[in-house]
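Each chain gets a letter, A, B and so on, in the order the sequences are listed, and its residues count up from 1. Excluded from the calculations below are hydrogen atoms, water molecules and symmetry mates; all remaining heavy atoms, backbone and side chain alike, are included.
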2 protein chains.
Amino acid sequence: MSTSPRYQRRKEDRPAEITAAAFETFAEKGYANAKVADVARRAGVSKGLLYVYFKTKEELFKAVVRSVVIPRVNALTEAAVSDAESAEAFIRGPLRQFMKALPGSPIAIVIKLMITEGSRHPDLVDFYWDNVASRGLDALRALIARGVRGGEFRETRYSEYPHLIMAPAVVAVLFELIFKNQRVNSDELIDSHIDILLENLSVSGRAET
Amino acid sequence: MSTSPRYQRRKEDRPAEITAAAFETFAEKGYANAKVADVARRAGVSKGLLYVYFKTKEELFKAVVRSVVIPRVNALTEAAVSDAESAEAFIRGPLRQFMKALPGSPIAIVIKLMITEGSRHPDLVDFYWDNVASRGLDALRALIARGVRGGEFRETRYSEYPHLIMAPAVVAVLFELIFKNQRVNSDELIDSHIDILLENLSVSGRAET
DNA sequence: ACTCTTACTGACCCAAGAGTCAGCAAGCAG
DNA sequence: CTGCTTGCTGACTCTTGGGTCAGTAAGAGT
């Protein structure tokens with residue numbers, strides 16, 4: 001009676017599998033409360049093997065952030081600058097969708113980890129700034145500029161501080177993070193904000209609600 | 001040669017002193033990385049004594065949040081509802097000051113702790129919601145309602161979602177928390193937001209910048 | 001089928017830090 | 001001055017969890 005092998009050798013896939021398991025674990029528990037043993041179990045791997053691929057828990061953490069963040073940002077920033085649709089259409093469509101999806105997305109978790117562990121990992125903060133925050137803000141600025149150039153929008157404070165465009169979405173993320181998605185309707189909050197935003201940007205003055 | 005006593009017995013003052021020291025320590029390190037021994041040393045007290053007054057580290061944490069949060073909230077919410085100044089004046093004055101002060105205030109630290117440890121202390125989250133978030137939002141709603149009633153403001157989405165009023169201030173807090181007050185000018189960001197907000201609320205339509 | 005490389009395991013080690021407790025001494029009462 | 005209460009100390013224990021390594025077995029090569 002031949003037993004099936006107790007494990008397979010899959011050198012190639014291990015790092016990605018471990019990274020994915022680590023992301024889930026960090027998402028649930030936060031960095032400090034996530035045990036390396038948990039990550040290993042989730043990845044279907046022994047603790048020893050994990051330490052073959054990642055020198056320390058901290059290095060594993062950095063790998064997670066890197067692997068999760070970059071792909072998400074590229075897609076959106078590219079879309080924002082393209083001329084495929086009007087700036088207003090982009091705000092009402094893709095941008096609004098993005099904002100509504102934020103609380104449930106991996107980026108929400110990265111934001112949380114940034115707040116939690118950022119002070120102890122300055123290089124990670126730099127990485128996040130360069131690759132996410134800063135690029136996102138630039139994309140928004142470019143979007144508004146495109147709208148102004150095309151005569152859709154007037155010049156407002158939003159050109160200077162695109163932070164104000166994202167702020168409500170970030171707050172929605174925090175509310176769901178802290179209060180476990182019960183005490184505020186994120187979708188309506190985002191919709192209200194988009195209305196206010198576009199009314200403010202509009203060249204034609206106030207429309208009826 | 002008589003030595004001065006090695007310690008004084010000050011039963012009454014100990015809890016408050018320990019709570020204060022704990023707040024500073026949690027602020028610097030976060031809950032998980034703060035050592036009880038550090039708190040004790042900072043309070044000028046032995047670890048054993050700390051455990052006389054607080055059964056566990058967690059209970060100490062709750063005591064900290066309770067003692068820090070309540071006094072701050074009362075002052076502002078009361079001012080918001082009083083008729084001493086017009087709603088617009090209140091927004092341009094005290095509310096704006098409050099927003100600018102937020103990142104450096106204890107509330108910022110409590111927000112961080114809420115994000116970090118909230119999931120493990122549901123009763124604390126409830127406490128925070130009841131005594132801070134919910135009350136703050138109600139006060140803002142009341143403020144806007146007062147403005148509308150007095151003919152200063154028109155009805156807008158802000159009445160429904162006062163979250164949108166605070167959102168930029170919260171984002172400013174996060175930026176300083178994560179990026180250590182270098183990469184955004186919080187004060188100007190708040191000023192810009194207040195301008196946009198009041199323009200939107202104004203019954204008379206758009207004014208010149 | 002036999003060998004050899006190496007991906008992989010899991011028992012182990014050890015530092016860190018939460019929580020305990022027997023005893024010490026401040027300082028009031030008589 | 002003496003005794004007694006109790007606020008206070010700090011050395012101790014014990015658990016938790018990050019990190020190691022000697023050994024095991026997958027599975028390719030011959």
Presence of Tyr51(B) side-chain N/O under 4.0 Å of dC8(D) phosphate oxygens OP1/OP2: no

Sugar-phosphate, base or nothing in reach of Lys47(A), heavy atoms under 4.0 Å: base

Selection: residues 15-40 of chain A, any non-hydrogen atom under 4.0 Å of DNA chain C: none

Gap between atoms CG and P, on Leu50(B) and dG7(D) respectively (whole Å): 16 Å

Separation of atom CZ in Arg9(B) from atom P in dG7(D), rounded to whole Å: 7 Å

Shortest side-chain distance from Pro5(B), nucleotide among dG7(D), dA26(C), dT24(D): dA26(C)

Candidates dA26(C), dC8(C), dG27(D) - which lies nearest the side chain of Gln8(A): dG27(D)

Heavy-atom donor-acceptor pair, Lys57(A) side chain to Tyr31(A) backbone, under 3.5 Å: yes

Salt-bridge criterion met for Asp195(A) and Arg92(A) (N-O under 4.0 Å): yes

Salt-bridge criterion met for Lys62(B) and Glu58(B) (N-O under 4.0 Å): yes

Touch class at under 4.0 angstrom, heavy-atom based, for Phe54(A) against every strand present: nothing

Phosphate OP1/OP2 of dC8(D): any Arg6(B) side-chain N/O under 4.0 Å: no

Value in whole Å for how far the C1' atom of dT6(C) lies from CZ of Arg14(A): 13 Å

Side chain to side chain, Ser186(A) and Val184(A), heavy atoms closer than 4.5 Å: yes

Length of the OH-P vector between Tyr7(A) and dT9(C), whole Å: 7 Å

Rounded distance (Å) that lies between atom C1' of dG19(D) and atom CD of Glu59(A): 13 Å

Polar side-chain contact Lys57(B)-dG19(C) base: donor and acceptor under 3.5 Å: no

Main-chain N/O of Leu198(A) paired to Ser202(A) side chain as donor or acceptor, under 3.5 Å: no

Separation of atom OH in Tyr53(B) from atom P in dG7(D), rounded to whole Å: 6 Å

Contact under 4.0 Å: Arg10(A) side-chain N or O vs dA7(C) OP1/OP2: no

Polar side chain donor-acceptor pair, Ser192(A) to Glu188(A), under 3.5 angstrom: no

Rounded distance in Å - CG (Leu49(B)) to C1' (dC24(C)): 14 Å

salt_bridge(Asp138(B), Arg135(B)) N-O dist < 4.0 Å: no

